[in-house]
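What follows is a single structure, written as structure tokens, with notes after it.
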Amino acid sequence: MDIGAQGDLIMNSDSENLTAPDVQTLESRARQIRRLVVQMNAAARSSHVGSALSIVDLLVVLYFRILRFDLENPRAGDRDRFILSKGHGCTALYATLAERGFFSKDILDTYYQDGGLLAGHADNHNVPGIEVATGSLGHGLSIGVGMALAGKHDQKNYRVFVLLGDGECDEGSVWEATMSASHFKLDNLITIVDFNKLQAMGRVEEVMNLEPFAEKWCSFGWSVREIDGHDFRQIEDALTKVPFESAKPSLILAHTVKGKGVSYMEDQLSWHYKSPNERELALALEELEL
Amino acid sequence: MRNAFVAALTTIAAEDPRIFLITGDLGFSVFEDFAGRFPGRFINVGVAEANMVGIAAGLASCGKVAFTYSIAPFATIRCLEQIRIDVCYHNANVKIVGVGGGLAYGPLGATHHAIEDISIMRALPNMKVLSPADPVEADLATRAAVAVDGPVYIRLGKSGEPRVHSGQPDFEIGRAITVKDGTNITLVATGGLVYNALLAARELATQGIDARVISMHTIKPLDEEAILRAAHETAAIFTIEEHTLIGGLGSAVAEVLAESGNRKVLFQRIGIRDRFCHEVGSQEYLRELSGLSPQHIVSRVVGYLSRELSKDIM
């Protein structure tokens with residue numbers, strides 16, 4: 001499908017960058033991170049496990065293949081920036097950062113606990129690797145625009161990646177930011193939408209229809225690609241081809257499944273709220289066997 | 001005050017490459033010099049205040065000193081949550097500049113009046129709140145805001161404010177300026193009403209009341225020492241602000257006095273009572289209606305003192 005004379009909306013072709021063993025490695029990392037996620041949410045009895053599972057594959061490719069950073073110096077000025085604007089998916093980010101080596105996995109046990117280091121929404125104060133504290137929706141993209149503007153001004157090569165939820169796109173501030181990113185020609189800004197089609201009160205199309213969603217981004221001046229957000233080759237291919245066009249911000253509309261990886265959670269709204277009990281956790285870990 | 005702010009910022013920006021100015025499509029015929037000299041550091045985000053603040057926070061996270069600019073209610077309340085989280089929670093080096101504090105946009109109506117901004121900004125952790133009295137203080141407040149790391153709200157008047165200071169006073173965030181010494185009572189004013197307080201003090205002098213006048217240009221952190229000194233050295237304290245009586249300068253001073261253990265000092269707040277302004281008129285007219293003119297301040301002070309104060313202090 002092509003939209004616009006410039007081919008703004010480009011259907012993805014499979015990447016040739018990833019070998020079969022690469023894919024296997026990513027799959028195994030994703031399973032390990034999903035195991036950590038369900039364990040954290042179960043131990044904490046916290047919500048949003050479905051929201052976290054939905055973005056794991058995207059995070060795995062970002063943190064193990066795409067983002068440029070220095071683990072020894074995670075605040076280095078030239079690093080790529082990543083903002084989890086849907087801060088409620090934080091257990092996936094925490095687990096990914098620990099798995100990647102930003103901090104010890106022991107810290108994951110403190111998630112949601114009294115005196116712990118990891119809050120129920122992404123917080124940049126206590127652990128390295130988190131750029132921005134989020135939790136209130138519709139904030140991340142504007143901050144990303146600011147970072148991208150600074151990068152352009154300072155003639156630095158870093159990229160800014162912002163991961164949005166689909167329900168989050170109901171926020172007007174998202175569209176203020178979207179408009180400004182193309183106005184300022186920020187081709188160093190990449191937004192990924194975790195389009196799992198479920199938001200807090202129901203199906204996105206029933207609560208607040210976003211369609212025609214990809215076309216909205218196109219018409220706001222972004223160069224858009226749609227991918228399967230659980231297909232490592234497609235994720236990798238899209239992320240290595242940014243910017244899709246020069247002088248334009250890039251939007252990756254990632255079709256995902258809420259609760260991905262745990263059969264009884266997949267595409268189930270209730271897992272926006274519930275946390276797995278002992279029996280459900282055992283079942284999830286069985287399905288996520290390494 | 002607006003021009004003094006822009007002139008100061010332009011001067012600083014020439015020396016300090018970290019300075020960025022982000023406007024929500026306001027400042028026509030005000031920012032041309034800045035924009036012409038530093039085009040890469042002048043950003044008009046359009047009429048989108050939430051985005052303006054988020055962008056400023058993003059710039060600040062990359063080492064910039066980001067000034068946001070709009071009419072005071074839009075610079076603050078319209079984008080309050082972005083200020084709360086993106087700026088204050090991250091202790092980001094963002095300076096929020098609101099033009100038209102109080103009733104400065106008089107006939108444009110209540111949408112453009114800023115009469116709750118001080119209390120709301122004051123409630124935010126990490127936020128400092130500055131409210132300069134005149135163009136001299138606006139210039140100094142701008143420089144002081146750059147010199148301090150972290151969020152600052154600067155509440156400006158608009159244009160044509162009379163000068164309170166003939167020279168350059170010592171300006172330090174959190175330290176009040178005594179504009180006129182006095183021994184009987186203290187008028188603690190902020191913003192453009194410091195001038196009215198001075199005029200009122202002159203009139204009070206003719207009636208035998210020697211009033212100290214303090215410019216409380218920093219509402220947060222508040223100069224508690226100056227208040228306690230006034231409570232100790234003078235018999236009554238009056239706060240004067242172009243702002244709701246709920247949560248602003250008067251409340252801040254009351255909090256200090258209530259916990260000070262001083263049971264002797266008399267205290268009254270002069271400000272805007274808990275209502276929107278539906279009347280139409282200039283700032284001067286609306287100040288008059290709100291009891292903020294020099295004459296109103298005088299009669300309020302005299303009336304209160306004559307009821308409350310014993311003859312020997314008078």
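Fair warning: this is a prediction, and the values are worked out from it, not measured in the lab.
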The interface call for B:Asn44 against chain A, heavy-atom contacts under 4.5 Å, is backbone
Any side-chain heavy atom of A:His48 sitting closer than 4.5 Å to one from A:Cys90?
-> no
Okay, B:Glu49 and chain A: the region with an atom under 4.5 Å from a heavy atom over there is backbone
Item to complete: Compute both the distance and the angle, then confirm whether A:Arg68 meets the cation-pi test with A:Tyr158: under 6.0 Å from the six-membered ring centre, within 45 degrees of the axis.
Response: no
Can you list, pair by pair, the side-chain donor-acceptor contacts under 3.5 Å of residues 11-20 of chain B, counting residues two or more places apart and other chains?
| residue | atom | partner | partner atom | Å |
| --- | --- | --- | --- | --- |
| B:Thr11 | OG1 | B:Ala7 | O | 2.8 |
| B:Asp16 | OD1 | B:Arg18 | N | 2.9 |
| B:Asp16 | OD1 | B:Arg18 | NE | 3.0 |
| B:Asp16 | OD2 | B:Arg18 | NE | 3.3 |
| B:Asp16 | OD2 | B:Arg18 | NH2 | 2.8 |

For A:Phe184, is the NZ or CZ atom of A:Lys152 found under 6.0 angstrom from the centre of its six-membered ring and inside 45 degrees of the ring axis?
-> no
Of the listed A:His139, A:Met147, A:His183, A:Lys156, the one with the largest count of heavy-atom pairs under 4.5 Å with chain B is A:His139
Given A:Ile83, A:Asp123, A:Val160, the one with more heavy-atom pairs under 4.5 angstrom with chain B than any other is A:Asp123
The interface call for B:Ile43 against chain A, heavy-atom contacts under 4.5 Å, is side chain
Comparing A:Ser136, A:Gly144, A:Ser173 against chain B, the one with the most heavy-atom pairs below 4.5 Å turns out to be A:Ser136
Tell me, yes or no, whether the heavy-atom count around A:Arg79 atom CZ, taken from other residues, nucleotides or ligands under 6.0 Å, exceeds 12. yes
